[in-house]
Trainee: 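My structure is below; once you've seen it, I'll send some questions.
All heavy atoms count here, side chains included; hydrogens, waters and symmetry mates do not.
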Amino acid sequence: MTTTPHPLVTRARRLAHDLLVPHAERVDQEGVPASHVEAVKRAGLLGVVGPKEYGGADAPVAVARETAEILAGACCSTWFVQTQHHTPVKLLATYDSPVREQLLRPLATGELLAGIAFAHVRAFPRVPVRAVPERGGWRFEGPVPWYTGWGLNDVMLLAGVTDTAEVVFVVAGAREQSGLSASAPMRLAALTAARTVSLELDGLWVPEESVVLRTSQEEFALVDLPRAANASPAVFGVASAALHLVARAPDGEETARSLRARLDEVRREAYALADHPVPHACVPDRLAVKTRAYDVLRAATTAAIVAGGGRSMDLGSRAQRLAREGMFLLVQGQTAEARRTHLGSLASG
């Protein structure tokens, strides 16, 4: 018996086939164009997790994962720009706030594109960005080391930590303004195309009505730890794309089949753990499976390089691009716990 794919999965596959894959090597060298973001919007994929009453698709989590795999495997830079958008949508949908009624619909429909600037909160007790209450709002001070989608995003979800260890999430305009300046785009080994900059906050003031959530640092860490311990769907998408190249190469079919079986197994385990009914449970198991997913990703992208031979050294090589994207995914969203687990696995491997 066959089942009909969800419409968003069908649209993601069509988008990947018609636009993202054919132009991925050019985008890797030149940058994600606004037209790619517009195409993702037209496919309805910016609203995959948005509530229906606000114009989103409210798709099942399995659909959100599959569409993420498809986009990442097709053009990881485009996936990375648009994946930032879904966190603000989910947060606004979850917590009632004045800014929710103002922004959730345009975000869920893709009229506006959002980025995120809060990974630095994980550095606590070090506080790179401070949030200070001031005249009916909040003043933000400090450096944001990484911000993706600069020049493409309309708004950003920004967080800072107060002197009493409270995390304050606000929505701010993603543009240079009083108290906010951006560096030149970073030149990176992978995903330079995603338009990543660092931000300097020098007294950026945001009104109280732009606050999305205030929570203790302990509560933030409790929610963030298991989420960060889960394997990213992008890992499975990039690995799968690499195995597609391997399978088409001379002598590559058996290697691709063996690695595909390993990839399918670890994918099932990773998603089963991510769906555990107790959100904070099984963190060591999640990290162990995430590390195994990295192992298969590394093997798949290495196999694609080997199968491509000397041609893989050309900057226009698809295998090389996937290998560099795989390298990026090894550290994307990395926490101290994930790093320790991964290094320990490599030492004992």
Trainee: Under the 3.5 angstrom rule, does the side chain of Arg324 hit a backbone N or O of Ala190 as a donor-acceptor pair?
Mentor: no
Trainee: How long is the span from the SG atom in Cys75 to the CG atom in Asp28, to the nearest 0.5 Å?
Mentor: 8.0 Å
Trainee: Give the intermediate values and the outcome of side chain to side chain contact (heavy atoms under 4.5 Å, CB included) for residues Leu15 and Leu45.
Mentor: CA-CA 10 Å; Leu15 177 65; Leu45 296 168; 4.1 Å; yes
Trainee: Would you compute the distance between atom CG of Leu113 and atom CE of Met156 and round it to the nearest 0.5 angstrom?
Mentor: 12.0 Å
Trainee: Under a 3.5 Å threshold, yes or no: a donor from one side chain and an acceptor from the other, between Thr196 and Thr148?
Mentor: yes
Trainee: Could you tell me whether the side chain of Ser258 and the main chain of Thr255 form a donor-acceptor pair under 3.5 Å?
Mentor: no
Trainee: Is there a donor-acceptor pair closer than 3.5 Å between any side-chain N or O of His85 and the backbone N or O of Leu107?
Mentor: yes
Trainee: Let me check something: any side-chain donor-acceptor pairs from residues 270-289 under 3.5 Å, sequence neighbours excluded? List them with distances.
Mentor:
from, atom 1, to, atom 2, distance (Å)
Tyr271, OH, Glu69, OE2, 2.6
Asp275, OD1, Arg65, NH1, 3.3
Asp275, OD1, Arg65, NH2, 2.7
Asp275, OD2, Arg65, NH1, 3.1
His276, ND1, Val278, N, 2.9
His276, ND1, Val278, O, 3.4
Arg286, NE, Ala281, O, 2.8
Arg286, NH1, Asn230, OD1, 3.0
Arg286, NH1, Leu273, O, 3.2
Arg286, NH2, Pro279, O, 3.2
Arg286, NH2, Ala281, O, 3.1

Trainee: Does the distance from a Lys or Arg side-chain N to an Asp or Glu carboxylate O, for Asp264 and Arg267, drop under 4.0 Å?
Mentor: no
Trainee: Got Thr10 and Arg14 here, is their nearest side-chain heavy-atom distance under 4.5 Å?
Mentor: yes
Trainee: For the atom pair CG (Leu104) and OG (Ser97), what is the distance rounded to the nearest 0.5 Å?
Mentor: 9.0 Å
Trainee: Identify the residue among Phe118, Tyr95, Trp138 that makes a ring-ring contact (aromatic ring centres under 6.0 Å, His included) with Phe169.
Mentor: Phe118
Trainee: Taking the basic N atoms (NZ, or NE/NH1/NH2) and the acidic carboxylate oxygens, is any pair closer than 4.0 Å for Glu265 and Arg262?
Mentor: no
Trainee: Could you tell me if the side chain of Phe140 sits less than 4.5 Å from the side chain of Leu180, heavy atoms only?
Mentor: no
Trainee: Measuring from Arg340:CZ to Thr335:OG1, what's the distance to the nearest 0.5 Å?
Mentor: 8.0 Å
Trainee: With side chain to side chain contact (heavy atoms under 4.5 Å, CB included) as the criterion, how do Gln82 and Val37 come out once you've worked through the C-alpha distance, each side chain's angles and the decisive distance to 0.1 Å?
Mentor: CA-CA 7 Å; Gln82 66 83 44; Val37 175; over 6 Å; no
Trainee: Does a donor on one side chain and an acceptor on the other come within less than 3.5 Å for Thr341 and Thr291?
Mentor: no
Trainee: Within this structure, what is the CG-CD distance for the pair Leu329 and Gln334, rounded to the nearest 0.5 Å?
Mentor: 12.0 Å
Trainee: Verify the cluster assignment for Leu112 and Leu152: are they in a single hydrophobic cluster under the rule of side-chain heavy atoms below 4.5 Å apart?
Mentor: yes
Trainee: Answer yes if the side chains of Arg260 and Ser240 hold a donor-acceptor pair under 3.5 Å, and no otherwise.
Mentor: yes
Trainee: Hey, mind stepping through Leu245 and Arg318 against side chain to side chain contact (heavy atoms under 4.5 Å, CB included) and telling me if it holds?
Mentor: CA-CA 9 Å; Leu245 291 182; Arg318 182 155 297 172; 3.8 Å; yes
Trainee: Keeping Gln177 on the side-chain end and Gly173 on the backbone end, is there a donor-acceptor pair under 3.5 Å?
Mentor: yes
Trainee: Should the heavy atoms of other residues, nucleotides or ligands under 6.0 Å from CD of Glu38 be counted, would the total exceed 12?
Mentor: yes
Trainee: Using modelled atom types and a 3.5 Å cut-off, is there a donor and acceptor pairing between side-chain atoms of Thr109 and backbone atoms of Arg105?
Mentor: yes
Trainee: Could you list the residues that satisfy side-chain contact (heavy atoms from CB on, under 4.5 Å) with Pro33, not counting sequence neighbours?
Mentor: Val27, Ser35, His36
Trainee: Measuring centre to centre across the rings, with the benzene-like ring taken for any Trp, is Phe80 within less than 6.0 Å of Phe328?
Mentor: yes
Trainee: Under a 4.5 Å cut-off applied to non-hydrogen side-chain atoms, are Val170 and Val168 in contact?
Mentor: yes
Trainee: Rounded at 0.5 Å granularity, tell me how far OH in Tyr147 sits from OG in Ser198.
Mentor: 13.0 Å
Trainee: Could you check Met327 against Glu325 for side chain to side chain contact (heavy atoms under 4.5 Å, CB included), going step by step and ending with a plain yes or no?
Mentor: CA-CA 5 Å; Met327 177 178 67; Glu325 290 170 351; over 6 Å; no
